[in-house]
Amino acid sequence: MNAPAPIFSDDQAEAYDLVAATMAQAGVDLENETLLPPQERAAQRVLAVLGRAGSGKTLLLAQLARDLTAAGVDVVSGDWEGKRRRDRRTLAILAPTNKAASVLRTRGVPATTIHRILYTPVYDPEYERIAEWLAGQGEKPEIDGLTEEALQRAFVFYQAHSSIPGALAAAGLRGSDFITGWKRREDPLDIGFVDESSMLDDRQLDDLKEIFPTLILFGDPAQLAPVGQSGEMAFDSLPAPAKLELSRVHRQEADSPILDLAHALFEPEVDFARFEHLVEEAAAKDARVVMSPRMEAELMARSPALVWRNKTRIKLIQAFRAGYGAPMDELLPGEPLICDGIELPLKHRKKRIDLEARGLIKGAQVIYLGPGRKPGFSRLHVVGAEAPEVSAASIVKIELPDEEEPFIPYAARMGATFLHGAAVTIHKAQGSQWDTVQVYAPDLSAAAWAGRSEAGQPLWKRLAYVAITRASERLIWVTRNRLARPEVKLGTEDLRAAPAPLELTSGGET
């Protein structure tokens, strides 16, 4: 049974109508559920639906996606596209990071990352026959080495999850068995929805324009602009008729004290001292807000502490590792990491694409599972990825206070580079969300004392807004430079089970 359509606020209904009118111009009639064939030289259309936390952007995006699907538009996931029809219309729902895409998927929206749309997998022809059968585009194949029971496992998995890679993994195959490489997308798609578009830079927007003649950007103008954008977001340059901002008329989370605090930040009379008093008042009335004199190390293992300054981040990471008794020369299974990029020469572009396509893009959250089978390799759980377990050549950097050069406990000659992830800057946390978030308030106080501003707002307010809206259930406002020692051993038992890890190798080292 289909879920009832949501009741929109006036501004949401206006935004829906604007998007629907744009879809009609592109040949997709949502009201009558009819499609025209795609235009060979379609006009470029870019719209932005903007709003602060709680304004209902995700609700609107999800309903538009459902209505496009009901009209016959195919959702492209980035995993496998199957046979192309000349008259088909396509939609891709994108987010800048795996974590942001996974937040959408938990809400029933079939999202993928921008990178997985820019680069598409190349399947081994034999195993692609399985994909075609699962998607209803071919007969059930006979594959050497795969039993009837294995194919049935793949079928059952696909019926439940609609994931070709997941279904093939359920049949006992590894990614290196059925994906032979990755290529830059050659064929354009139709419609792109981009969530967390405040994280887009101009180059990424240009890349998306090459693929999608129709782009709808969903973003929060109150967040922090991408580094290098001079305080501006990619949608700021759009003309006024192409931007519609939602006000807080419609609440997605009933009476959320976290959203109340987020919106209080934009009251002109609220300075830092007044805001801390508001946090204290909220904590006295609602368990979803906590004032704490110390950080909880156990939470930092999966939900990083959010800070403004790098020196604070490094000190908290060192305190976290000391609390768990982590040795200087190795990582413990369960330690969180952040991908800091790929260190590969230009001639290894294919290897870079392979690593990034598996989710190891800059800013990705990763949990260390243990050493790989080869020197310099690590087994990793990529948070938010649909196939999370990988094994990759790794360069792990542990930064030390007052030291210019980090300590490197593990290093391949080249591959994916990682920083420790027990604490991250608020800027890098954009696009992510956790059930519980710890915000280090002394850093925000320092930003307030510095008197800096960005896009006409005090910087501390923008930092505080981004930090507290990363929490979906509980906000912990940490007031002192202290860390509570963990009571349980660090481990990996909490991570969801996955098939055998994908080896990200290319002969010797990557």
Side-chain angles (χ1 to χ4, degrees), residues 2-3 5-6 12 15-40 42-49 57-96 100-121 135-137 161-164 185-197 200 204-205 207-219 235 242 386:
N2 293 329
Q12 285 177 314
Y16 183 99
D17 290 344
L18 178 63
V19 175
T22 302
M23 297 295 107
Q25 293 171 9
V28 178
D29 187 335
L30 294 182
E31 183 177 357
N32 298 306
E33 297 186 356
T34 58
L35 305 178
L36 294 177
Q39 304 165 7
E40 289 202 9
Q44 185 78 57
R45 303 175 181 89
V46 183
L47 294 179
V49 178
K57 298 185 301 295
T58 302
L59 182 74
L60 183 62
L61 184 156
Q63 186 60 42
L64 284 163
R66 282 193 292 269
D67 291 348
L68 283 166
T69 303
V73 176
D74 291 342
V75 175
V76 176
S77 70
D79 289 332
W80 181 80
E81 290 187 39
K83 298 175 181 176
R84 294 177 174 86
R85 304 189 314 271
R86 291 192 61 179
D87 62 341
R88 80 167 182 162
R89 308 306 303 268
T90 54
L91 165 70
I93 303 165
L94 311 174
S102 72
V103 170
L104 282 176
R105 290 196 297 269
T106 62
R107 298 177 182 181
V109 180
T112 189
T113 63
I114 292 170
H115 195 278
R116 287 300 298 273
I117 288 298
L118 292 176
Y119 293 94
T120 59
Q137 298 180 8
H161 303 286
S162 299
S163 168
I164 294 293
R185 178 178 293 279
E186 298 173 355
D187 299 321
L189 297 170
D190 275 340
I191 302 163
F193 286 178
V194 186
D195 197 30
E196 297 289 353
S197 63
L200 286 181
Q204 288 173 312
L205 182 58
D207 282 343
L208 291 170
K209 285 180 179 178
E210 289 182 11
I211 295 172
F212 299 98
T214 302
L215 272 174
I216 313 297
L217 309 180
F218 296 81
F235 47 68
E386 293 184 86

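The chain is numbered in sequence order, starting from 1. No experiment lies behind these values; they were computed from the predicted model shown.
Counting heavy atoms from C-beta on, the side chains of V76 and R185 come closer than 4.5 Å. Looking only at side-chain heavy atoms (C-beta outward), D67 and Y16 come within less than 4.5 Å of each other. Inter-residue side-chain proximity for T58 and V103 is flagged as unmet; no heavy-atom pair is nearer than 4.5 Å. Side chains of L61 and I216 form no contact here, defined as non-hydrogen atoms less than 4.5 Å apart. Side-chain atoms of L208 and L94, non-hydrogen and from C-beta on, do get closer than 4.5 Å to each other. Within the 4.5 Å cutoff, no side-chain heavy atoms of D195 are placed close to those of I93.
Between Q204 atom CD and I114 atom CD1 the span is 5.0 Å, to the nearest 0.5 Å. With rounding to the nearest 0.5 Å, the separation of CD in E196 from CZ in F218 is 12.0 Å. Between the CZ atom of F193 and the CG atom of L68 there is a distance of 5.0 Å, given to the nearest 0.5 Å. For the atom pair L35 CG and L30 CG, the distance stands at 9.0 Å (nearest 0.5 Å). Here the straight-line distance linking atom CG of D190 with atom CZ of R89 works out to 4.0 Å at 0.5 Å rounding. Of the inter-residue distances, the one linking L118 atom CG with H115 atom NE2 reads 7.0 Å to the nearest 0.5 angstrom.
Closest approach of A62 and V109 over heavy atoms only: CB-CG2, 3.7 Å. Considering all non-hydrogen atoms of both residues, L189 and I117 come closest at CD1-CG2, 4.2 Å. The shortest heavy-atom contact between F235 and G219 is CE2-CA, 4.3 Å. For the residue pair A100 and P96, the shortest heavy atom distance occurs at CB-CD, 4.5 Å.
With hydrogens and angles ignored, the 3.5 Å screen pairs no side-chain donor or acceptor of S197 with any backbone N or O of L200. For R105 (side chain) and A111 (main-chain N/O), a donor-acceptor pair under 3.5 Å exists by modelled atom type. No side-chain donor-acceptor contact under 3.5 Å links T90 to the backbone of D74. Remark: side-chain polar atoms of Q25 are not paired, donor with acceptor, to backbone N or O of A20 under 3.5 angstrom.
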- Query: Stepwise, does the side chain to side chain contact (heavy atoms under 4.5 Å, CB included) test hold for L217 with L205?
  - Reply: CA-CA 10 Å; L217 309 180; L205 182 58; 4.3 Å; yes

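Heavy-atom contacts from other residues, nucleotides or ligands closer than 6.0 Å to CD of E31 number 12 or fewer.
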